[in-house]
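Notes to accompany the following structure.
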Amino acid sequence: MAGSLMNGKTVSAAMREEMKQEVDRLTAKGVQPGLAVVLVGEDAASQVYVNSKHKTCLELGYYSEVHRLPADTTESDLLALIETLNGQSTIHGILVQLPLPKHINEKAVIDSIAVAKDVDGFHPVSVGNLVIGDESLLPCTPAGVIELLKRHEVEIAGKHAVVIGRSNIVGKPVSLLLQRENATVTMCHSRTANMKELTRQADILVVAIGRANFVDRSFLKPGVVVIDVGMNRLDNGKLAGDVDFEDVKDLCAWITPVPGGVGPMTITMLMYNTLKAAKRIHQIT
Ligand code: NAP
C-alpha cells in the first residue's frame, strides 16, 4: 500500500482563498480583521514566525500590528501593552510569541489576554471551553490537524485515534478535538508502558513529541493515517518530523510530510481564528 500525502500547503491555500472572500464580506460591513503579534527579544526562529504571520495578514487583507519589544522588557510593560490591545477596536486577535524571556511569567501574560481575542487558544477559559465542549477559539496546530483530516475526508468518528505527546499546546488539545469528533482516543507519553502495543491499534496516529524520526514502521498497523506534528532541526540543517517518513510511508493510508503537512496549517488556523474573533466581536454571522 503506497501512502497518500496529506498536503497542508494545498489545504492552507484553499482555506486562505475562502478567508479572502470572508474578509471582503466583512470589509463591506466596515470590519477589517486585525491581528496584533507581540515579540519580546530577538530569538531568530520567533522572528521568522512573526514575519510570516505579518506577511500572511497582509496577503489576506487583514490589519496587522507587530510589536517588537527589547529582551529586557519588564513584565508590567508587556502586561500594559496587552491591556491596550485588549481595548483596541482595530485588533480582534492578540498573539504573544512564545517562548518569552525567563524573567517574564508566561502564564500571567497568557491570562491577561482578553478571551475574545485569544487567537492562540491558550487562555485557561478557552482551554476550559474546549474541555466542556463550549464554543471557543481553538489552539491552532490541533485545529489544523482536524481540518487536515476532514478536508482529506478521513473518517474520524468511531475510529481509534492514538496521540503520542501530552503537551498543552498540541497533545492534550488534539486528543480533546479527536474525542469531540467521536474518535476513541488513547494518549501516550514518555511514561507509557508498551507503547507500540497501543500505537499498533491506531486507525489514526498523531505524533507530537519533538524527537526526530522516533516513530518507525514497528509502531504501525497497515492502513493507518499518520499525522506528524514534529518539527525537528537536524544537524545538517534539514527539518525532520517525529515519524521516519521513508520507513513508514508504504504502510500508511495517509501521511503528512514534514515540511508541508501540519506546519502550514498552523498559521492558516491563526488567520481563521482572527477572522472568527472579528465576526464574534462585531456579531456578524
Ligand atoms: P513538548 O511540550 O516538549 O511535549 C512533548 C511531549 O512528548 C510530552 O508530553 C512528552 O511526554 C512526550 N514525549 C517525549 N518523548 C517521548 C517518548 N520517547 N515517548 C513518548 N512520549 C514522549 O512538545 P510540543 O510543544 O507538544 O511539540 C512536539 C513537537 O511538535 C515538536 O517537534 C514541536 O516542534 C512540534 N510542533 C509543531 C507545530 C507545528 O506548527 N507544526 C506546532 C507546535 C509544535 P511527557 O509529558 O511524559 O514528558
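Every number for a ligand or one of its atoms is a count from 1 in the order of the listing. For reference, positions follow the sequence shown, starting with 1.
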Test Leu178 against every option in Val163, Val145, Thr184 by the side-chain contact (heavy atoms from CB on, under 4.5 Å) rule and name the one that passes.
-> Val163

Judging by distance only, is a nitrogen or oxygen of Arg211 under 3.5 angstrom from one on ligand 1?
-> yes

Going by distance alone, is a donor N or O of one side chain under 3.5 Å from an acceptor N or O of the other, for Tyr63 and Glu65?
-> yes

Hey, is Glu59 close enough to Lys20 for a salt bridge, meaning N to O under 4.0 Å?
-> no

Salt bridge present between Arg68 and Glu42 (N-O < 4.0 angstrom) = no

If you have a sec, work out which protein heavy atom is nearest atom 34 (O) of ligand 1 and how many Å separate them, to one decimal?
-> Met231 O, 3.3 Å

Under 4.0 Å from any heavy atom of Thr266, which atoms of ligand 1 are there?
-> 39 (C), 40 (O)

Please report the closest heavy-atom contact between Asp118 and Ile113, naming both atoms and the distance.
-> CA-CG2, 4.0 Å

Identify, by atom number and element, the atoms of ligand 1 in contact range of Val170, meaning under 4.0 Å from any of its heavy atoms.
-> 26 (O), 43 (C), 44 (C)

Are the side chain of Thr256 and the backbone N or O of Val262 linked by a donor-acceptor pair below 3.5 Å?
-> no

Backbone, side chain, both or neither: what part of Asn232 comes under 4.0 angstrom of ligand 1, heavy atoms only?
-> side chain

Go through the steps to decide whether Leu239 and Arg233 satisfy the test side chain to side chain contact (heavy atoms under 4.5 Å, CB included), and finish with yes or no.
-> CA-CA 5 Å; Leu239 205 59; Arg233 190 65 67 184; 3.8 Å; yes

Closest heavy-atom pair and its distance - Ala193, Leu198 = O-CD1, 4.4 Å

Heavy-atom distance from atom 3 (O) of ligand 1 to the protein below 4.0 Å?
-> no

Which atoms of ligand 1 sit under 4.0 Å from any heavy atom of Phe214?
-> 17 (C), 18 (N), 19 (N)

Going by the order shown, which atoms of ligand 1 are within less than 4.0 Å of some heavy atom of Ile169?
-> 25 (O)

So, are Lys249 and Glu246 salt-bridged, with charged N and O less than 4.0 Å apart?
-> yes

The protein heavy atom nearest to atom 48 (O) of ligand 1 is Ser190 OG, 3.6 Å

Does Met265 have a heavy atom less than 4.0 Å from any atom of ligand 1?
-> no

Parallel, tilted or perpendicular: which fits the ring planes of His282 and His92, with parallel below 30° and perpendicular above 60°?
-> perpendicular

Just need the protein heavy atom nearest to atom 42 (C) of ligand 1, so name the residue and atom and give the distance.
-> Thr141 OG1, 3.3 Å

Look at Glu22 together with Arg25 and state whether they make a salt bridge at an N to O cut-off of under 4.0 Å.
-> yes

Quick one: which ligand 1 atoms are inside 4.0 Å of a heavy atom on Ile164?
-> 20 (C), 21 (N)

For atom 30 (O) of ligand 1, what's the nearest protein heavy atom and its distance?
-> Val229 O, 3.5 Å

Contacting atoms of ligand 1, where contact means under 4.0 angstrom from a heavy atom of Gly210 = 28 (C), 29 (C), 31 (C), 32 (O)

Ser126 versus Ser136, side-chain donor and acceptor atoms under 3.5 Å = no

for atom 5 (C) of ligand 1, nearest protein heavy atom and its distance come out as Ile209 O, 3.7 Å

Residue and atom name of the nearest protein heavy atom (relative to atom 46 (O) of ligand 1), distance in Å to one decimal = Arg166 NE, 2.7 Å

Quick one: does Gly263 get within less than 4.0 Å of ligand 1, heavy atoms only?
-> yes

Within a distance under 4.0 Å of any heavy atom of Met195, pick out the atoms of ligand 1 and give their elements.
-> 19 (N), 20 (C)

Considering only heavy atoms, which of Gly165, Ala208, Ser167 lies nearest to atom 28 (C) of ligand 1?
-> Ala208

